[in-house]
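All heavy atoms count here, side chains included; hydrogens, waters and symmetry mates do not. A, B, ... follow the sequence lines: proteins, then strands. Residue 1 opens every chain.
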Number of protein chains: 2
Amino acid sequence: MTVPADFFKSAFTVDNVIFGFDDGDLKVLLIQRAEDPFLDYWGLPGYFVNADEGLKEAAYRVLEEMTGLTDVYLEQIKTFGKTGRHPMGRVITVAYLSLIKVDDYLLKVKNNAVAQKAEWFSISDIDDLAFDHKEILDTCLDTLRRRVQQKPVGFELLPPKFTLTELQHLYEAILDTELDKRNFRKKILSMNLLIDLDQYQENVAHRPAKLYSFDKARYQEFLSDGYSFDLSENKRKSRTLQY
Amino acid sequence: MTVPADFFKSAFTVDNVIFGFDDGDLKVLLIQRAEDPFLDYWGLPGYFVNADEGLKEAAYRVLEEMTGLTDVYLEQIKTFGKTGRHPMGRVITVAYLSLIKVDDYLLKVKNNAVAQKAEWFSISDIDDLAFDHKEILDTCLDTLRRRVQQKPVGFELLPPKFTLTELQHLYEAILDTELDKRNFRKKILSMNLLIDLDQYQENVAHRPAKLYSFDKARYQEFLSDGYSFDLSENKRKSRTLQY
DNA sequence: TCAAAAGTGTTTGGGTTACACCCATGA
DNA sequence: TCATGGGTGTAACCCAAACACTTTTGA
């Protein structure tokens, strides 16, 4: 029989799937690895969890090392633990999804020892990554798509002031569909999640759009509440059982 | 700097939250521990993951050791890794949720070395468990409540033949609400998930109810599809953005 | 004949959908 | 004045919700 001590020979890591929205496109922040294994490969930012550190704490640490950001959306998604997924031994990894505003990131980026460099990639441009990171990315992308239909987390990806069209483009990029402008606005505004700033775009070669920010207090309600922000892309009947 | 070898000193386990439905009540299968730490405490069935074993594989193994069942619903929920959660060292645990038919279990239960005995508990009767198992249980219960509104996993908990009232009671027990009989039936039947067996209850002191089984092929579609089985308990408007 | 649960339809209200034209600005 | 995106309303439909009485059986 295996004695318990035999089990204390494995390690675990956290990997962050950091999404951003820029240029009308959903992006992920990847690093080019500076060490073995998978030297020079692109992969998700992540690292071993220290002995005295919780999982989420470790994910925040990695995130801060990468971006300098501390106060961001971070959610545990899934744990990947196939045998053989890491050449150095038995390593399982806990995947976290985070959402940041690309602007903030650009101001504070710094590199660290693990990564030669970091870059944003459009999700459609990524095919192969170090370890099983592609699988992890795909899983997190699925979750993100579900998430934005349940909770208005999309706002985490936008700058503090944005237009309704930008918001709509964000949803369209994440869900990979087109949305009807009038219905989208009707719906969003009916949620009272937005604050009309009474400000307008400047220097645009067309009628300037109104700027909005979102109501953090009300946003918090939506985050904790179960809530249906059902941007259903489908014709499938989304039947609802009453009670 | 910590060298990688230093990280290979931790262990991980899987813990199963096994739900069943019996006697009109949602239950969880717990074990009374036969070894330290937490000797004699009640807790979730779980154990260390072997070096040559995947996570899900380990969860299935534990499940089979406990119940003799192999072909059951099993889903990874969340990983718990606070420092200090395990007295023997750094141990993180991956929580799995599984759904079984209590009848099947009753036929095949066997005990194992880790557990003195196993028993079903009504979820409302559980307050304290070994390790952080109460927190894990609560997390899985939340997930179950969400799951049954998204996918018709409730069927996993029922015997092969059941009545509409039993199905309704199951949903009521999981969601802790009351549902309208006519609306419930209308909705369920409109999904074409059920097969009318043209059989009836026998020896009941009232009008016997029709028996149904569920359509596994159609069920599979629903499982893979995103799908909304929105038994919304709330008055909250579940607004839906078109596309 | 009584108790206990099974079974069954209709109306109302609200949200989703589909859809087309005018407005404001900079070039 | 032209190109570009911003901004607006209405009608049809479908689904959720609310709600009460009759039927069948065993005791």
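Partners of K78(B) by salt bridge (charged side-chain N to carboxylate O under 4.0 Å, His left out), not counting sequence neighbours: none found. Residues forming a ring-ring contact (aromatic ring centres under 6.0 Å, His included) with F121(A) (at least two apart in sequence, or on another chain): W42(A). By the salt bridge (charged side-chain N to carboxylate O under 4.0 Å, His left out) test, R61(A) is found to be paired with E53(A), E65(A), residues two or more places apart in sequence or in another chain being considered.
If you measure from atom CD of Q168(B) to atom P of dA6(C), you get 9 Å, rounded to the nearest angstrom. Between M191(A) atom CE and dG15(C) atom C1' the separation is 12 Å, expressed in whole Å. Per the geometry, OH belonging to Y200(A) stands 20 Å off P belonging to dG5(D), to the nearest Å. Protein atom CD1 of I188(B) is 16 Å distant from nucleotide atom C1' of dG7(C), rounded to whole Å. dT8(C) atom P lies 7 Å from atom NZ of K210(B), rounded to whole Å. Protein atom CZ of R185(A) is 13 Å distant from nucleotide atom P of dG5(D), rounded to whole Å. Spacing between atom CZ of F184(A) and atom C1' of dA18(C) amounts to 17 Å, rounded to whole angstrom units. For the pair L211(B) CG and dG7(C) C1', the computed distance is 14 Å after rounding to whole Å.
Heavy atoms of T163(A) sit nowhere under 4.0 angstrom from any nucleic acid atom.
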Tabulate below the donor-acceptor pairs under 3.5 Å that side-chain atoms of residues 20-29 of chain A make, not counting sequence neighbours, or state none.
| unit_1 | atom_1 | unit_2 | atom_2 | d |
| --- | --- | --- | --- | --- |
| D25(A) | OD2 | S122(A) | OG | 2.5 |

Show me the donor-acceptor pairs within less than 3.5 Å that the side chains of residues 153-162 of chain B make with the rest of the protein, sequence neighbours left out.
| unit_1 | atom_1 | unit_2 | atom_2 | d |
| --- | --- | --- | --- | --- |
| E156(B) | OE2 | Y219(B) | OH | 2.5 |
| K161(B) | NZ | Q199(B) | OE1 | 2.9 |

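For the pair R145(B) (side chain) and C140(B) (backbone), a donor-acceptor distance under 3.5 Å is absent.
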*asked:* I need a per-nucleotide contact map over nucleotides 19-27 of chain C, read 5' to 3'. Cutoff is protein heavy atoms under 4.0 Å; write B for the base, S for backbone only, - otherwise.
replied: BB--BBBS-

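Side-chain N/O atoms of T165(B) include none lying less than 4.0 angstrom from OP1 or OP2 on dA5(C).
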